[in-house]
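Each remark here refers to the structure printed beneath this line.
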Amino acid sequence: MSRRSLPHLPTRPTWRCQACGIAWPCSPAKLALLGEYRNDRAALRVHLAALQAEAAAHLATLDGGTPPVGLVERFTGWTRAR
């Protein structure tokens with residue numbers, strides 16, 4: 001399977017998108033998540049908060065025990081209504 005045909009899902013433990021290689025959730029992943037949870041934004045936030053906790057643990061092990069800053073904005077901050 002070529003990289004272009006991969007879904008925009010996180011690669012653990014780096015939390016980079018398997019399709020485009022940028023920090024996950026990437027823009028295509030955000031659009032897909034918004035579509036999937038279009039009728040339940042609260043459930044989207046709960047789901048992303050759980051993934052954020054998992055990512056923090058993984059990324060901390062890669063960076064000497066300290067999770068990177070900005071994970072809240074990266075994972076859940078974009079879900080707020082504008």
Side-chain angles (χ1 to χ4, degrees):
M1 183 179 287
S2 75
R3 203 173 172 142
R4 295 187 108 195
S5 62
L6 291 173
H8 291 270
L9 297 173
T11 302
R12 291 163 173 91
T14 62
W15 288 85
R16 296 240 166 236
C17 176
Q18 68 181 2
C20 61
I22 65 171
W24 192 91
C26 59
S27 291
K30 289 176 183 178
L31 288 172
L33 287 163
L34 285 171
E36 183 177 345
Y37 288 90
R38 76 173 121 310
N39 296 320
D40 196 349
R41 188 68 62 103
L44 172 61
R45 287 189 194 104
V46 169
H47 173 66
L48 289 171
L51 292 175
Q52 176 190 326
E54 183 182 349
H58 286 160
L59 294 169
T61 63
L62 299 176
D63 195 25
T66 306
V69 295
L71 287 182
V72 171
E73 187 59 34
R74 177 176 160 183
F75 278 83
T76 60
W78 60 271
T79 65
R80 290 188 287 272
R82 301 198 189 261

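Computed from a predicted model, the values in this text were never measured in an experiment.
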Kindly work out whether a path of hydrophobic side-chain contacts (I/L/V/M/F/W/Y, heavy atoms less than 4.5 Å apart) joins Ile22 to Leu9. no
Nearest 0.5 angstrom please: Thr79 OG1 to Leu34 CG, how far? 8.0 Å
Give the intermediate values and the outcome of side chain to side chain contact (heavy atoms under 4.5 Å, CB included) for residues Leu59 and Leu71. CA-CA 10 Å; Leu59 294 169; Leu71 287 182; 4.1 Å; yes
Arg74 side chain to Trp24 main-chain N or O, any donor-acceptor pair under 3.5 Å? yes
Could you label the plane-to-plane angle of the Tyr37 and His47 rings as parallel, tilted or perpendicular, counting under 30° as parallel and over 60° as perpendicular? parallel
Can you check whether Pro7's main-chain N or O pairs, donor with acceptor, with Gln18's side chain at less than 3.5 Å? yes
Distance-only side-chain donor-acceptor flag, Trp15 / His58, under 3.5 Å: yes
Hey, quick one: are Leu51 and Val72 part of the same hydrophobic cluster, counting side-chain heavy atoms closer than 4.5 Å, chains of contacts allowed? no
Distance-only side-chain donor-acceptor flag, Thr76 / Arg45, under 3.5 Å: no
With rounding to the nearest 0.5 Å, note down the distance linking CZ in Arg38 to CG in Leu44. 12.0 Å
If you look at every heavy atom in Arg80 and Glu73, which pair is closest and at what distance? NH2-OE1, 3.1 Å
Tell me whether Phe75 is reachable from Leu62 by hopping between hydrophobic residues (I, L, V, M, F, W, Y) whose side-chain heavy atoms are closer than 4.5 Å. yes
Minimum heavy-atom separation for Cys17 and His8, please, with both atom names. SG-ND1, 3.2 Å
Can you sort out the partners of Ala32 under side-chain contact (heavy atoms from CB on, under 4.5 Å), two or more places apart, ordered by chain and number? none
